[in-house]
Amino acid sequence: MSLRILSLGLLLAVGVGCSSDRTIFMGSPHDRYDHNRSRRLISSAVRERQPFSVTIPAYTPTGSPNFPRVEYAESSTAADGMAAAHLVPTFMGVELPLSAEDRDDLLDYLAGGGAVEVSDLQGDLAAARRAFAPIVELLESPELLKSDVVGWAKKTKHAWTRDVRDARFDRQAFAEVIAVERGNFWFALYKLPSRAAFSRLVVINAPRAKQDFDEMRPAPPEEN
Amino acid sequence: MPLSAHDQIIDAINRVLQPAGGELRLLARVNDPILGNPSSREAFLLIPDLHILSPARAGAFGRCRFNFDQQGVLASILEGLAELREAWEGDGAHKLVTIQLGDFFDLWRELSSKSQIPQISDDAQGRIRDVLYRGIHRGRPCLRATMLLGNHDTIDNVSLPEIDFRLKAFNRAANGRPFLFATHGDAFDLLESALPDWMQQFVVHMIGRLTPSNVHSIAMYGELAERTNAPPGAMVDAIVGAEHALSEMTAGAVRVTAGAPLPNRIAEVISDPALSSHKYFSRFYESVGRARVLGLDGGSVQVVAIGHTHHARIVVCTPPNGGRSMVLLDAGAWIEKCRYRLDDGTEIIEPNAQLAVIHGNDARIYQVRPGAI
């Protein structure tokens, strides 16, 4: 009897989305999707209050003319010509539930393979819409975002984890953080304190892995 | 009258070539609505296989020559085109979209294992790397090219970490129906060597299905490439010895200058995909058809752009009775040689040095002839 129960337990554990013991590290702005790249921005911190987009040069040593340089008050320009700092945005994540516009930019990012910069060319959008339909359904649904997301992940057989190391903010700033995996991307959902629902999304490109031909999907990265 | 996008590109290239006695020749062209491009905003610059090596490694191949490496011509041309891209971004009339079709840095010839990748110094072929993709991080003129993965772009299943490779790309279509599909062109060789249902796999992984575009597949394609690539020792003579006879056509390869009229120059016009002599034409044709049935983005494709064969040509298929047409643009290479005739009948055998450009419904392949640079 106990063996039967054990077998049944194992079967259940394999059959449902299991908590991964993975730790998700959020890397640089190059390595995460945290805002709708197609929407222009405006800020009093940016010269002339002209709408701008954040592109790769903003996060390079030479900086971008869109963003102010920061210099030390007393000293002159450094020998290598670099500023002391650049003022660059730290994005809060895409607002949830997803609007249609935000959904479209997200799918464009996913279809393109996860490069944060908006490419001149596109990936296969039709395939991406199908591939990510379940997760988009979660991200668009006010009801699901208020509900037990871990339960949803288990029911829909998505790997999930609560261990997200955020490069932007201390974990204590959030009431709850859950990341759900699909298609070699981790979708990190954030719930602010005193809020009933997850309201922000950051997407992290998971490490590239080999292809599982039988399953026609990426194979999980090999454990070290 | 302002110059067309094609002529502005020709101008930028000739500004590099002509002062040193060089010239541009037209190897192939199709100017026809069959391309199915409704937009005149984007101009697509297609850079074929480069197979670049570090100078130290190129020396190890002795008499082999890597054309642009010797002369810096390609780097100079691309730097001029990067300036054009920036000028166009300023006035918003056009956009220069650059695709490098794979086999960029030939890791297969350069290294013997992935552990040697850090040995490729920062300045090895630095100008090319900067102008194609690296310059954006360094405040230098940059084409921001989409870099497609070729079979020589990996070693031990690993690619150059600085490059964000893709397996495929489509043009951005306002109507949601891309006309252009670009890929290196080796997918059938790789998949066929490994998988019984290789056509379905191509549709799955390349034209698309339920998995995302290329997040996972660099290692997989690298592994397959290792099974199919010729061993490095067998490739020395292939660099100088291989000669591709470009198709004989009524009109010889005319000299190209801005504003001068140009003829169509198509290697094959066929009524049935099975009639093409191009090894991959019918397979791409079939895969587009399958993508159409599956409702994928690849189903609207009219132009497939590839490298890989090192044999520049354009193939046009127009089946009778309104059947589905398709154009294959095989963009050539900057390795091995080509043989063709000039418009005065002179036969030329010289290193491959091709660039392709598509603007509107006008697709061209040029041969760059550096002259005395």
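Per chain, numbering begins at 1; letters A, B, ... match sequence-line order.
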- Query: With a 4.5 Å heavy-atom cut-off, do D164(B) and H30(A) have their side chains touching?
  - Reply: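 Contact flag for D164(B)/H30(A) side chains = no.
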- For residues T98(B) and D120(A), determine if any side-chain heavy atom of one lies less than 4.5 Å from a side-chain heavy atom of the other. no
Give me the atom names and distance for the closest heavy-atom approach of [X] to [Y].
X: R166(B); Y: L121(A); result: NH1-O, 3.6 Å
X: P178(B); Y: Q122(A); result: CG-NE2, 3.7 Å
X: T62(A); Y: G139(B); result: OG1-N, 3.8 Å
X: A126(A); Y: G295(B); result: CB-O, 3.6 Å

- Message: Just checking R177(B): does its CZ atom have more than 12 heavy atoms from other residues, nucleotides or ligands closer to it than 6.0 angstrom?
- Response: no
- Item | Contacting moiety of L125(A), where chain B heavy atoms sit under 4.5 Å |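 Its backbone and side chain both get close to chain B.
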Relative to chain A, which segment of [X] carries a heavy atom at a distance below 4.5 Å: side chain, backbone, both, or neither?
X: A145(B); answer: neither
X: L96(B); answer: backbone
X: R144(B); answer: both

Quiz: residues 84-99 of chain A side-chain donor-acceptor pairs under 3.5 angstrom, not counting sequence neighbours:
unit_1, atom_1, unit_2, atom_2, d
S99(A), OG, D102(A), N, 3.1
S99(A), OG, D102(A), OD2, 3.4

- Item | Positions in residues 85-95 of chain B that reach chain A, provided some heavy atom is under 4.5 Å away |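 Listed by number, the contacting residues are R85(B), K95(B).
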- Message: Could you measure the distance from the CZ atom of R129(A) to the CG atom of D297(B)? Nearest 0.5 Å is fine.
- Response: 6.5 Å
- Residues in ring-ring contact (aromatic ring centres under 6.0 Å, His included) with Y133(B), at least two apart?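 Expected list: F104(B).
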- Could you pull out all residues at least two apart from Y285(B) that satisfy ring-ring contact (aromatic ring centres under 6.0 Å, His included)? none
- Message: T60(A) vs R138(B), test: side chain to side chain contact (heavy atoms under 4.5 Å, CB included). Steps then yes/no.
- Response: CA-CA 7 Å; T60(A) 64; R138(B) 302 188 176 196; over 6 Å; no
